[in-house]
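All values derive from a computational prediction rather than experimental measurement.
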Protein chains: 2
Amino acid sequence: MPEVATAVEQAAFVCASRGVQLTELRRQVLRLILEAEAPIGAYALLDKLRGLRAGAAPPTVYRALDFLLEQGLVHKLERLNAYMPCVETGHAHHDGHGHGHDHPHQFLICRKCGATAEICAPAVAAAITEAARAQGFTPGVATVEVEGVCANCA
Amino acid sequence: MPEVATAVEQAAFVCASRGVQLTELRRQVLRLILEAEAPIGAYALLDKLRGLRAGAAPPTVYRALDFLLEQGLVHKLERLNAYMPCVETGHAHHDGHGHGHDHPHQFLICRKCGATAEICAPAVAAAITEAARAQGFTPGVATVEVEGVCANCA
DNA sequence: GCCATGGCGATACGATATAACCTGGGATGA
DNA sequence: TCATCCCAGGTTATATCGTATCGCCATGGC
Ligand SMILES: [Zn+2]
Ligand SMILES: [Zn+2]
Ligand SMILES: [Zn+2]
Ligand SMILES: [Zn+2]
């Protein structure tokens with residue numbers, strides 16, 4: 001998977017430009033998430049990580065996940081308790097609505113094959129903001145996860 | 001709380017009309033969820049339930065929750081791993097977009113006080129459906145949970 | 001050298017959720 | 001009447017998800 005290596009290098013560049021360290025452990029965890037074909041749970045990740053680091057324990061993987069989540073390199077799927085890579089990583093040519101870090105996003109989760117796509121639909125974010133404000137609510141981060149059937153499985 | 005009793009009776013009516021049983025256990029769990037001031041976790045529910053049923057165990061509460069979720073009487077907040085009553089229960093005079101069972105809904109979760117409101121914003125549902133279809137994805141149930149600050153806490 | 005910081009190994013624990021098995025009661029139908 | 005089935009729910013154990021805490025070591029100012 002050459003695109004995995006590319007994504008890891010982009011992540012390393014992003015981290016370097018922010019003055020944070022993409023250490024070997026974090027790199028390994030990111031790579032495992034990138035190699036997974038669908039969102040992957042923390043303990044599945046731990047099993048795979050043990051192939052690379054004998055002594056890995058839950059805090060090992062959770063600390064790496066915390067870092068990757070903070071940096072916006074991966075996302076957590078709340079419905080699945082699982083993690084997947086952010087598709088926006090390394091899109092340095094983008095700007096505006098927060099690409100690369102804490103950007104608005106939505107997920108489409110296929111109930112047949114489990115494939116999950118991250119999309120960025122400004123119209124959805126705008127509708128949510130408006131609906132929240134209509135209730136006097138000041139919106140922050142919105143979790144949007146849609147279960148359904150993907151194009152391949154239809 | 002007279003409105004709790006009313007809501008339980010409405011739920012009983014809805015269940016009877018569907019030919020399913022709102023048993024004593026399910027009624028107790030629904031009542032505890034209705035009495036909670038914010039979304040309540042399964043194990044907090046279990047603690048309270050033990051005041052009513054000495055031998056209650058995790059499966060006791062999870063089975064009741066499964067039933068109440070299936071019937072659309074309560075909702076699960078994925079970000080919180082907690083449960084709250086559906087505000088639409090018993091709105092028999094409503095029809096159209098699925099009131100009372102599997103209806104589109106969104107949640108506004110206050111990060112200060114934890115108060116959570118269920119809203120129904122058709123514009124949000126429409127934007128999500130459109131964004132999903134644009135990807136060739138056939139959308140089903142959408143989880144929308146917005147973290148932010150409520151009107152009281154602003 | 002000294003100390004602050006950050007990464008991470010290691011143990012333990014808490015919180016969330018399900019699997020597997022069994023019992024009893026009511027409906028159904030011979 | 002009795003066999004049969006389904007369903008609710010009790011019981012025990014286990015899987016999964018996530019934190020708290022301690023301590024070691026390397027790095028980098030001072
Ligand atoms: Zn992203
Ligand atoms: Zn699919
Ligand atoms: Zn509802
Ligand atoms: Zn509030």
Please work out if A/F67 contacts a base, only the sugar-phosphate, or nothing of the nucleic acid, heavy-atom cut-off 4.0 Å. nothing
Check whether any side-chain N or O of A/T23 sits under 4.0 Å from OP1 or OP2 of C/dG7, and answer yes or no. no
Go through the steps to decide whether A/R27 and A/E9 satisfy the test salt bridge (Lys or Arg N to Asp or Glu O under 4.0 Å), and finish with yes or no. CA-CA 9 Å; A/R27 203 179 270 258; A/E9 289 320 304; 3.2 Å; yes
Between P on C/dG9 and CZ on A/R63, what's the gap in Å once rounded to a whole number? 7 Å
Distance, rounded to the nearest Å, where A/R79 contributes CZ and C/dT16 contributes C1': 17 Å
Side chains of A/L73 and A/C86 in contact at under 4.5 Å (non-hydrogen atoms): no
For the side chain of A/E147 and the backbone of A/R111, is there at least one donor-acceptor N/O pair under 3.5 Å apart? no
Atom CG of B/N81 to atom P of D/dC17: distance rounded to whole Å? 11 Å
Describe, in one word, how the ring planes of A/H75 and A/F107 are oriented to each other, choosing from parallel (under 30°), tilted (30 to 60°) and perpendicular (over 60°). perpendicular
Can you measure B/L46 atom CG to D/dT11 atom C1' for me and round it to whole angstrom units? 13 Å
Is the base of D/dT16 stacked against the aromatic ring of A/Y43, taking ring centres under 5.5 Å apart and planes under 30° as the test? no
What is the distance, rounded to the nearest whole Å, between atom CD of B/Q21 and atom C1' of D/dC7? 8 Å
OP1, OP2 of C/dT16 versus side-chain N and O of B/K76: anything below 4.0 Å? no
Taking A/R133 for its side chain and A/T138 for its backbone only, find out whether a donor-acceptor pair lies under 3.5 Å. no
How far does the helix from C/dG1-D/dC30 to C/dA30-D/dT1 bend, going by the axes of its first and last five pairs, to the nearest 10°? 10°
Atom-pair distance (OH on A/Y62; P on C/dA10), nearest Å: 19 Å
For the pair made of CZ in A/R27 and P in C/dG7, what is the distance, rounded to whole Å? 14 Å
If you only use heavy atoms from C-beta on, which nucleotide in D/dA8, D/dT19, C/dA17 is closest to the side chain of A/P59? D/dT19
Toward the 5' end of DNA chain D, which comes first, A/A42 or B/R53, by nearest nucleotide? B/R53
Expected output: side-chain B/T143 to main-chain B/V141 donor-acceptor under 3.5 Å: no
Do any N or O atoms from the side chain of A/Q106 and from the backbone of A/A121 form a donor-acceptor pair under 3.5 angstrom? yes
Looking only at the side chain of B/P58 (C-beta and beyond, no hydrogens), which of the listed nucleotides C/dC8, C/dA17, D/dG18 gets closest? C/dA17
For D/dG18, does either OP1 or OP2 sit under 4.0 Å from a side-chain N or O belonging to A/Y83? yes
Without decimals, in angstroms, what is the distance between B/L49 CG and D/dT11 P? 13 Å
